[in-house]
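One structure below.
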Amino acid sequence: MSEYHPLTESEAIELARRIEGVFPQGAELTCREIGDGNLNLVFHIRDEQSGRSLIVKQALPYAKVVGESWPLTLDRSRIESEALIQEGRLAPGLVPKVYKYDPDLALTVMEDLSDHIIMRSGLMQCRRYPLFADHISTFLANTLFFTSDLGMNQQEKKVQAGRFINPELCKITEDLIFDDPYTVSSNNNYDAAIEDEAEALRTDEKLHFEVALLREKFLTQGQALLHGDLHTGSIFVREDSTKVIDPEFAYYGPMGFDIGAVIGNLLLNYAGQLHWSADEASRTSYREYLLETVKSIWTQFDRKFRAHWNEKNVDRLAARAAGYQDDYMRRLLQDSIGYAGCKMVRRIVGLAHVADIDRIPDAAVREKAQRIALRIGKALIKGNRGAESIDFAIDAAREAAAALKG
Ligand SMILES: Nc1ncnc2c1ncn2[C@@H]1O[C@H](COP(=O)(O)OP(=O)(O)O)[C@@H](O)[C@H]1O
Ligand SMILES: CSC[C@H]1O[C@H](OP(=O)(O)O)[C@H](O)[C@@H]1O
């Protein structure tokens, strides 16, 4: 079985059976392929009798969402498993356990998180997660600080950056997020009703300038080891637990890209609340919850990151230089806001959308949600370098909803 080929369900069972300490001898295992993402196969293997289960995630040699015409490296499976192991070390309890990585079959065997729900689905059901901001801010502060030049040996960091060179997956981001939405591209995909918005994205010079600056940072700034695709479809939640999955886009990049991904995806749900909330009162209430969550994520991240800096910093100059920490955090906030905006725009007009918006059944309501999302996204991109607090993002969201009477 060791030569690469996409597994059948029965092969996935045989592979899972060989993982020590999970299934009882002779267990009757069942298997279902449950992958709903854009890229990979995900097998769920379970023993009904003991209730034990695990996940086998296997990379395909192409992007599943497009097909074999878009070849994609299998090495992303190594990057994903190594990133999960790093994240688990730095943020214990916030990622699934990795049982095995098989380089020949390009697969990772990991903990089954089916007792959680994908956060995007939870948000579409207007559920609240009181510990999420605490958990995700810990994940972000720990993984970003301790893989940066502030928190780890600077020579080791360069060596580690070499293990996370991820050109093909970075190219997807560079094209889909920072290029296609602002030009005519066969990758783009949007409803005809918002052709005026797509045209405006293609002709807005101030927007292009800001996107170019953010893209330049994505291309050149190896600040920390990023998750690289931290949207709400890559986060499993329960009221009492948060688990981050799917770091196959991991590479050394600008920290704000991860923080912005979380914020941008919460705001995409905010835009979609026209449909998911039952009425005006619950819409207002849930939107406030989303904005409080955005604020709390940034505030807690800022506090935790500064605490690491003050207590665990390994860069002597960073410890001494007056005003450096405040300047660093201000730039980080601004990057996060800018990238949040980019993440929002791409999910409305680019290749891969989000269910928060696309599953709105009524075309007129969906169109309004798309316009709100684009209005917020553009405001965040254009205003990022002037933002002095996270309230800038919150005010932009409120303004867009009010302007379009969401
Ligand atoms: N550890 C896990 N436990 C349970 N389900 C999982 C796990 N990992 C992935 N899944 C399921 O598979 C889906 C796709 O996984 P994901 O890692 O996002 O794949 P892709 O890389 O193709 O986007 C998830 O939305 C989730 O339903
Ligand atoms: C051609 S890949 C498009 C899109 O899919 C990835 O998301 P996921 O693997 O979580 O489904 C990533 O966001 C890419 O930009």
Side-chain angles (χ1 to χ4, degrees), residues 6 12 16 31-46 52-60 62-74 76-77 79-81 83-84 87-88 94-100 106-122 124 166 168-181 185-189 218 226-238 241-251 257-258 260-261 264-265 268 339 342-347 350-355:
C31 176
R32 265 183 328 124
E33 201 282 308
I34 57 166
D36 60 359
N38 290 314
L39 298 176
N40 303 293
L41 297 174
V42 179
F43 298 95
H44 180 259
I45 295 133
R46 181 173 162 83
R52 295 191 178 173
S53 55
L54 51 71
I55 293 289
V56 176
K57 177 169 174 181
Q58 186 181 35
L60 289 166
Y62 54 86
K64 194 172 73 177
V65 66
V66 176
E68 295 186 33
S69 63
W70 190 330
L72 210 50
T73 175
L74 294 174
R76 68 187 196 272
S77 177
I79 293 206
E80 172 160 352
S81 66
L84 278 176
E87 291 166 352
L94 294 175
V95 296
K97 289 189 203 80
V98 173
Y99 298 126
K100 178 189 165 91
L107 61 81
T108 304
V109 185
M110 69 182 100
E111 182 184 3
D112 176 22
L113 300 170
S114 303
D115 59 340
H116 291 61
I117 177 174
I118 287 289
M119 185 166 197
R120 192 180 302 291
S121 309
M124 286 161 63
N166 200 352
E168 287 187 35
L169 283 277
C170 284
K171 168 121 176 80
I172 291 179
T173 301
E174 289 148 21
D175 291 349
L176 267 47
I177 300 186
F178 298 113
D179 190 348
D180 294 334
S185 165
S186 56
N187 286 332
N188 286 341
N189 167 30
F218 186 87
L226 307 189
H227 175 283
D229 193 24
L230 196 48
H231 58 81
T232 46
S234 295
I235 303 173
F236 267 113
V237 279
R238 286 193 320 220
S241 171
T242 302
K243 305 270 186 187
V244 172
I245 61 166
D246 198 15
E248 72 197 302
F249 284 75
Y251 88 114
F257 189 76
D258 272 2
N265 277 270
L268 281 163
Y339 287 124
C342 295
K343 293 280 193 172
M344 296 185 74
V345 170
R346 65 79 60 115
R347 294 294 186 188
L351 175 70
H353 288 199
V354 290

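Numbering of ligands and ligand atoms starts at 1, following listing order.
Side-chain contact between L351 and V66 is present, with heavy atoms from C-beta onward closer than 4.5 Å. A 4.5 Å side-chain heavy-atom check between E248 and D229 finds every atom pair outside the cut-off.
Screening L84, V42, V95, L113 against I245 for a side chain to side chain contact (heavy atoms under 4.5 Å, CB included) leaves a single residue, L113.
Counting all heavy atoms, side chain and backbone alike, I177 lies closest to K343 at CD1-NZ, 3.9 Å. The minimum heavy-atom distance linking R76 with L39 is given by the pair NH2-O, 3.3 Å.
Near ligand 1, heavy-atom contacts under 4.0 Å come from I34, D36, G37, N38, L39, N40, V42, I55, K57, M110, E111, D112, L113, S114, I118, F236, I245, D246, E248. Contacts of ligand 2 (protein heavy-atom distance under 4.0 Å) are G37, N38, L39, V65, I172, L176, D229, H231, D246, E248, F249, R346, R347, L351, A352.
Residues satisfying the ring-ring contact (aromatic ring centres under 6.0 Å, His included) criterion with F178, sequence neighbours excluded, are F218, Y339. Considering only residues two or more places apart in sequence or on other chains, N38 meets the side-chain contact (heavy atoms from CB on, under 4.5 Å) condition with V65, A352.
Panel note: side chain N188, backbone D180; a donor-acceptor pair is recorded below 3.5 Å.
Applying the 6.0 Å contact sphere to NZ of K97 captures no more than 12 heavy atoms from other residues, nucleotides or ligands.
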